[in-house]
Amino acid sequence: MLTSTKKYIYKIIAILVIVILVDKLSGTILNKLYQSCKTGICYQENYIMRKTNQDVLFFGSSRAAYHYNSKIIKDTLNMSVYNSGREGTGIYYHYGVLLSTIKRYTPKVIVLDLDYRDIYECEGLFGLDILKEQAPFYEKVSPEFDSLLVLSSGMKQKIKLQSNLYKYNSKFFRILTGNLVSKSDNNLGFRGIEGNYNENIKPLEFKLKIDNNKIKTINKFIKKTKSKNIKLIIAISPYYIKMPKNLFYPLEQIANTNKIKIISHIQDSIFITNKNMFNDTFHLNLKGANIYSSIFASDLKNELIK
């Protein structure tokens with residue numbers, strides 16, 4: 001006859017087995033649903049991590065996603081182009097995308113659109129927390145990619161990432177809507193936004209303190225592209241903000257040291273004097289993005305033929 005202690009132990013073991021089986025089964029189902037998304041953020045994530053095969057890729061936050069019209073740039077360069085920009089992300093996320101990309105193939109050109117929040121300390125999604133968005137790809141890319149994903153909290157995060165439910169727990173609604181709504185990506189990743197900004201231009205109000213970990217990650221990004229002979233261009237697209245002098249000086253130092261070209265239109269008069277080109281202080285609207293894309297495409301073409 002089993003003692004009460006043994007019964008208790010067997011119950012605990014049974015519960016653990018059930019939890020593990022549920023987690024494994026749910027992970028299999030969620031992964032299939034995630035990969036079958038036809039639209040939305042999950043579709044975009046899955047595409048840029050697993051399916052891009054274009055000659056030219058654009059990386060960056062929403063400022064990349066909203067600013068670079070892939071079709072305009074494709075027609076100018078006569079090369080295949082995809083905009084892999086993702087809203088609310090920073091250099092850590094971009095580096096994860098790079099690691100996943102070069103695991104599959106080697107693009108000819110990568111344009112990395114950087115925001116000042118990719119250089120300086122700040123709260124929010126430009127930090128390490130955004131890496132949780134790439135959790136579904138843990139143990140599916142490379143050991144370096146896995147190490148990147150656990151930077152935020154080390155062993156604690158590594159343990160969490162063993163759970164399939166944890167990998168997808170912030171994506172349930174997105175996975176659902178991504179499978180229910182069918183919409184093809186006719187814009188090659190570009191997601192222009194409508195609307196005009198109605199406020200007057202204001203100075204940047206931000207406490208500037210260089211984030212050394214972000215600087216290291218930018219350098220790793222550059223080193224990785226060089227190791228694959230990928231032509232890397234760093235881009236700084238327009239803001240509707242009065243910027244402090246030398247705001248991007250740390251980035252310029254990195255570029256000069258590594259002989260990387262920066263194409264900057266941060267405060268071009270065609271944009272900075274016309275708020276109707278913007279949706280808000282950080283983002284061009286569709287009209288502004290199309291004009292900027294034409295200008296940038298010409299710049300990029302000239303750079304590539306040198």
Practice task
I would like to know whether Met49 and Asn46 meet side chain to side chain contact (heavy atoms under 4.5 Å, CB included); could you show each step before the answer?
Solution key: CA-CA 5 Å; Met49 296 291 285; Asn46 190 53; 5.9 Å; no
Practice task
Would you please test Ser237 and Asp113 for side-chain hydrogen bond (donor to acceptor under 3.5 Å, both in side chains) and show each step?
Solution key: CA-CA 7 Å; Ser237 49; Asp113 183 280; 2.9 Å; yes
Practice task
Decide side chain to side chain contact (heavy atoms under 4.5 Å, CB included) for Asp299 and Glu303; before the verdict, give the C-alpha distance in whole Å, the side-chain angles of both, and the deciding distance to 0.1 Å.
Solution key: CA-CA 6 Å; Asp299 291 341; Glu303 188 63 28; over 6 Å; no
Practice task
Dump the intermediate steps for side chain to side chain contact (heavy atoms under 4.5 Å, CB included) on Tyr92 and Asn213, then the final yes or no.
Solution key: CA-CA 9 Å; Tyr92 300 118; Asn213 288 326; 3.3 Å; yes
Exercise for the section: Could you walk me through whether Ile215 and Ile119 pass the side chain to side chain contact (heavy atoms under 4.5 Å, CB included) test, one step at a time? Expected result: CA-CA 6 Å; Ile215 297 296; Ile119 302 171; 3.8 Å; yes
Problem - Tyr292 vs His265, ring-ring contact (aromatic ring centres under 6.0 Å, His included): CA-CA, chis, key distance, verdict - result: CA-CA 9 Å; Tyr292 171 66; His265 291 276; 5.8 Å; yes
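Contact annotation: the side chain of Leu176 never approaches that of Asn179 to less than 4.5 Å [non-hydrogen atoms, C-beta and beyond]. Side-chain atoms of Asn83 and Arg191, non-hydrogen and from C-beta on, never get closer than 4.5 Å to each other. No side-chain heavy atom of Lys202 sits less than 4.5 Å from a side-chain heavy atom of Thr281. Taking the side chain as every heavy atom from C-beta outward, His94 and Thr89 approach each other to under 4.5 Å. Between Phe145 and Lys103, every side-chain heavy-atom pair lies at or beyond the 4.5 Å cut-off. Counting only heavy atoms from C-beta outward, the side chains of Leu131 and Tyr138 never approach each other to under 4.5 Å.
For the pair Lys132 and Tyr166, the cation sits on the ring face: its NZ or CZ lies under 6.0 Å from the ring centre, inside 45° of the axis.
No continuous path of hydrophobic side-chain contacts links Leu304 to Ile230 [ILVMFWY only; heavy atoms under 4.5 Å]. The same ILVMFWY cluster, assembled from side-chain heavy atoms under 4.5 Å apart, contains both Ile201 and Phe278. By the criterion of side-chain heavy atoms lying less than 4.5 angstrom apart, applied directly or through intervening Ile, Leu, Val, Met, Phe, Trp or Tyr residues, Ile233 is not grouped with Leu251; the two fall into different hydrophobic clusters. Hydrophobic clustering (ILVMFWY, side-chain heavy atoms < 4.5 Å, transitive): Ile72 and Ile291 are in distinct clusters. Under the 4.5 Å side-chain heavy-atom criterion for grouping Ile, Leu, Val, Met, Phe, Trp and Tyr, Phe282 is connected to Leu208 within one hydrophobic cluster.
Side-chain contact check for Tyr239 and Asp115: at least one donor-acceptor pair (N or O, by modelled atom type) lies under 3.5 Å. The closest side-chain donor-acceptor pair between Asn31 and Tyr168 falls under 3.5 angstrom.
We find the OG-CG distance between Ser264 and Leu114 to be 11.0 Å, quoted to the nearest 0.5 Å. From Asn53, atom CG reaches atom OH of Tyr105 across 6.0 Å, with rounding to the nearest 0.5 Å. Here the straight-line distance linking atom CG of Asn69 with atom CG of Leu284 works out to 12.0 Å at 0.5 Å rounding. Taken from CG in Leu232 to NZ in Lys226, the straight-line distance is 9.0 Å, to the nearest 0.5 Å. For the atom pair Lys223 NZ and Asn219 CG, the distance stands at 10.0 Å (nearest 0.5 Å).
With sequence neighbours left out, Lys74 forms a side-chain contact (heavy atoms from CB on, under 4.5 Å) with Val81, Leu188. Partners of Thr177 under the side-chain contact (heavy atoms from CB on, under 4.5 Å) rule, at least two apart in sequence or in another chain, are Phe173. With sequence neighbours excluded, the residues that form a side-chain contact (heavy atoms from CB on, under 4.5 Å) with Ile193 are Tyr66, Asn279, His283. Residues satisfying the side-chain contact (heavy atoms from CB on, under 4.5 Å) test with Glu144, not counting sequence neighbours, are Tyr95, Leu99, Ser142, Lys224.
Taking the six-membered ring for Trp and thresholds of 30 and 60 degrees, Tyr197 and Tyr240 have ring planes more than 60 degrees apart, a perpendicular arrangement.
Residue pairs meeting the salt bridge (Lys or Arg N to Asp or Glu O under 4.0 Å) criterion with at least one partner in residues 253-282, sequence neighbours excluded, do not occur; the list is empty. Screening residues 155-181 for salt bridge (Lys or Arg N to Asp or Glu O under 4.0 Å), with sequence neighbours left out, gives Glu45-Lys171, Glu133-Lys171, Glu133-Arg174.
Looking at Ser80, its side chain does come within 3.5 Å of a backbone N or O of Asp55 through a donor-acceptor pair. Panel note: side chain Asn285, backbone Asn276; a donor-acceptor pair is recorded below 3.5 Å. Distance alone, capped at 3.5 Å, places no donor-acceptor pair between the Ser84 side chain and the Gly60 backbone.
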